[in-house]
2 protein chains.
Amino acid sequence: MEVRPKRILIADDEPDILEIVSYNLGKEGYETYTAKDGNEAIERAKQLNPDLIILDIMMPKKTGVEVCRILRTQPLFQDTLIVFLTALNDDASHIKGLETGADDYVSKPISPKVLVSRVNALFRRIHKEDGKTLKIGNISIDPVRFIVSIDEKEVMLAKKEFELLFLLGSKPGRVFLRNEILSQVWGTDVIVGDRTIDVHIRKVRQKLGVDCITTVKGVGYKFEI
Amino acid sequence: MEVRPKRILIADDEPDILEIVSYNLGKEGYETYTAKDGNEAIERAKQLNPDLIILDIMMPKKTGVEVCRILRTQPLFQDTLIVFLTALNDDASHIKGLETGADDYVSKPISPKVLVSRVNALFRRIHKEDGKTLKIGNISIDPVRFIVSIDEKEVMLAKKEFELLFLLGSKPGRVFLRNEILSQVWGTDVIVGDRTIDVHIRKVRQKLGVDCITTVKGVGYKFEI
DNA sequence: ATTTTGTGTAAACAGAATGTTACCATGGAA
DNA sequence: TTCCATGGTAACATTCTGTTTACACAAAAT
């Protein structure tokens with residue numbers, strides 16, 4: 001399965017930092033976006049639904065810790081990786097950062113190499129599961145062979161259909177919001193109509209012949225047996 | 001749901017380090033085990049199957065990096081968390097550690113607090129499943145799966161119904177005024193009639209089949225078992 | 001006892017959200 | 001080229017939710 005490039009949002013009030021971090025991560029193949037204060041970080045996070053967010057601790061409007069706490073209260077950002085960036089090299093803020101729900105912590109002055117390798121390490125840790133066949137009850141979803149099996153019976157899905165099912169199947173039971181689905185399967189830059197998701201959901205349901213996708217009206221869809 | 005204490009294996013050739021790390025993690029509720037060189041680390045890892053392994057980079061017999069590489073080749077240790085411990089504070093070894101497949105990296109001199117909080121953060125990342133689920137007695141309210149369970153029996157609520165219950169359930173026993181409910185669930189801009197809340201309360205009561213919402217006349221409602 | 005105030009309940013309605021179908025554009029394969 | 005699979009849109013059908021209305025009932029106030 002083709003992998004969409006990871007989206008990283010970087011929030012810092014120093015343009016130099018934004019640029020150097022953005023440049024180095026971009027070189028690694030990440031899609032980078034920036035924000036220059038806490039409020040903008042939250043706003044852009046909601047709009048972009050990034051895979052990882054790098055937050056400077058000391059920022060105008062809202063500190064990185066505040067932004068982290070606010071984002072973490074929302075289900076949408078439960079899985080988002082968060083890394084703190086700070087000039088304070090002391091233990092206290094270090095611990096505070098991690099306890100707030102950050103996944104890592106890098107102190108300034110930043111070595112681009114270190115930052116990149118830590119980011120890579122975080123993604124590696126999360127995506128150990130990548131490439132593995134998902135098995136939920138009698139349904140298995142194989143991203144390598146691009147095939148879905150139901151009780152040993154194999155079903156072929158089109159790319160988008162497969163990606164959609166794979167996303168939902170990756171966390172059975174969890175509800176995926178419509179924008180989440182849009183940004184994960186279609187990407188943030190593409191603009192598609194309102195009925196597009198529904199139509200694809202329908203196609204998947206039809207091809208599978210099993211009712212394993214539940215609609216949660218006003219919210220989204222979830223995979224459930 | 002009760003959780004078995006996490007097992008942590010610590011490998012270092014300095015007895016002092018072993019003791020201080022073991023003591024501090026033990027105090028946090030982890031089950032700790034030690035090894036004094038690379039070979040012993042591998043041996044004990046196989047025997048204990050720990051959830052997390054802390055490896056000193058500089059150890060006799062085999063270095064931490066070697067141990068990590070060897071363990072990572074085995075399926076059993078694919079998901080095991082690995083943290084490196086080192087006196088070398090330079091970037092080179094740092095990067096090397098993470099690229100080898102470690103999940104984190106802490107440099108000596110070790111601050112026990114920092115180590116403990118990083119370990120906590122690693123585990124928190126692994127089980128973020130049950131993060132936001134409210135549990136009150138035999139009722140659990142899961143905003144990620146959008147499901148309410150009563151004694152393992154699952155109930156689906158409509159969006160507003162769910163939000164209403166979630167609000168009340170977020171502070172069991174506390175009375176929520178009608179305007180409070182209005183502003184939290186419906187928002188400040190929306191104007192709805194007086195009976196709307198009642199009707200929703202009724203629907204929730206009906207669907208749950210359990211009497212867990214108490215009316216406080218002239219005031220509001222509260223969640224109570 | 002009567003009125004007033006607050007809440008419970010059922011039914012009905014409007015409109016939002018989703019399901020469904022048919023159709024079009026595109027691009028690769030035969 | 002033609003054919004076909006894919007992905008997207010538009011238009012309509014259907015379902016479900018949220019809200020209101022109307023009234024019953026209960027408790028408190030008069």
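Please read these numbers as outputs of a predicted model, since none were measured by experiment. A, B, ... follow the sequence lines: proteins, then strands. Residue 1 opens every chain.
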How close or far is atom [atom2] of [N] from atom [atom1] of [X], stated in whole angstroms?
{"X": "B:E161", "N": "D:dT17", "atom1": "CD", "atom2": "C1'", "value": "8 Å"}
{"X": "A:L157", "N": "D:dT6", "atom1": "CG", "atom2": "P", "value": "9 Å"}
{"X": "A:I197", "N": "D:dG7", "atom1": "CD1", "atom2": "P", "value": "14 Å"}
{"X": "A:K160", "N": "D:dT9", "atom1": "NZ", "atom2": "P", "value": "12 Å"}
{"X": "B:K203", "N": "D:dT20", "atom1": "NZ", "atom2": "P", "value": "12 Å"}
{"X": "B:D198", "N": "D:dC23", "atom1": "CG", "atom2": "P", "value": "17 Å"}
{"X": "B:I201", "N": "D:dT20", "atom1": "CD1", "atom2": "P", "value": "16 Å"}
{"X": "A:K159", "N": "D:dG7", "atom1": "NZ", "atom2": "C1'", "value": "11 Å"}

With a 4.0 Å cut-off on heavy atoms, is B:T215 in touch with a base, just the backbone sugar-phosphate, or nothing at all?
sugar-phosphate
How is B:F162 classified with respect to the nucleic acid when contacts are heavy atoms under 4.0 Å: base, sugar-phosphate, or nothing?
nothing
Please confirm whether the ring centroid of A:Y30 lies under 6.0 Å from the ring centroid of A:F123.
yes
We want to know whether A:N49 and A:E180 form a side-chain donor-acceptor pair, criterion being a heavy-atom distance below 3.5 angstrom.
no
Under a criterion of less than 4.0 angstrom to any heavy atom of chain A, what are the 5'-terminal and 3'-terminal contacting nucleotides of DNA chain C?
C:dA17 to C:dT21
Check: D:dT15 base within 3.5 Å donor-acceptor of A:K217 side chain
yes
Show the numbers, then the answer: is there a salt bridge (Lys or Arg N to Asp or Glu O under 4.0 Å) between A:E40 and A:K36?
CA-CA 7 Å; A:E40 194 180 325; A:K36 62 183 179 307; 2.8 Å; yes
Pairing of A:K61 and A:E66 as salt bridge, 4.0 angstrom limit:
no
Considering just the side-chain nitrogens and oxygens of A:W186, establish if one lies under 4.0 Å of OP1 or OP2 belonging to D:dG8.
yes
Check whether any side-chain nitrogen or oxygen of A:H200 sits under 4.0 Å from OP1 or OP2 of D:dG7, and answer yes or no.
no
Take B:K207 and B:G193, find for each the nucleotide of DNA chain D with the closest heavy atom, and name the residue whose nucleotide sits nearer the 5' end.
B:K207
Where each residue is assigned the nucleotide of DNA chain C containing its nearest heavy atom, which of B:D194 and B:V199 is assigned the position nearer the 5′ end?
B:D194
Both B:R178 and B:R202 contact DNA chain C. Taking the nearest nucleotide for each, which residue is further toward the 5' end?
B:R178
Is any side-chain heavy atom of A:I147 closer than 4.5 Å to a side-chain heavy atom of A:S149?
yes
Charged tip of A:R174 within 45° of A:F176 ring normal and under 6.0 Å:
yes
In terms of the angle between their ring planes, are B:W186 and B:H200 parallel, tilted or perpendicular, with boundaries placed at 30° and 60°?
perpendicular
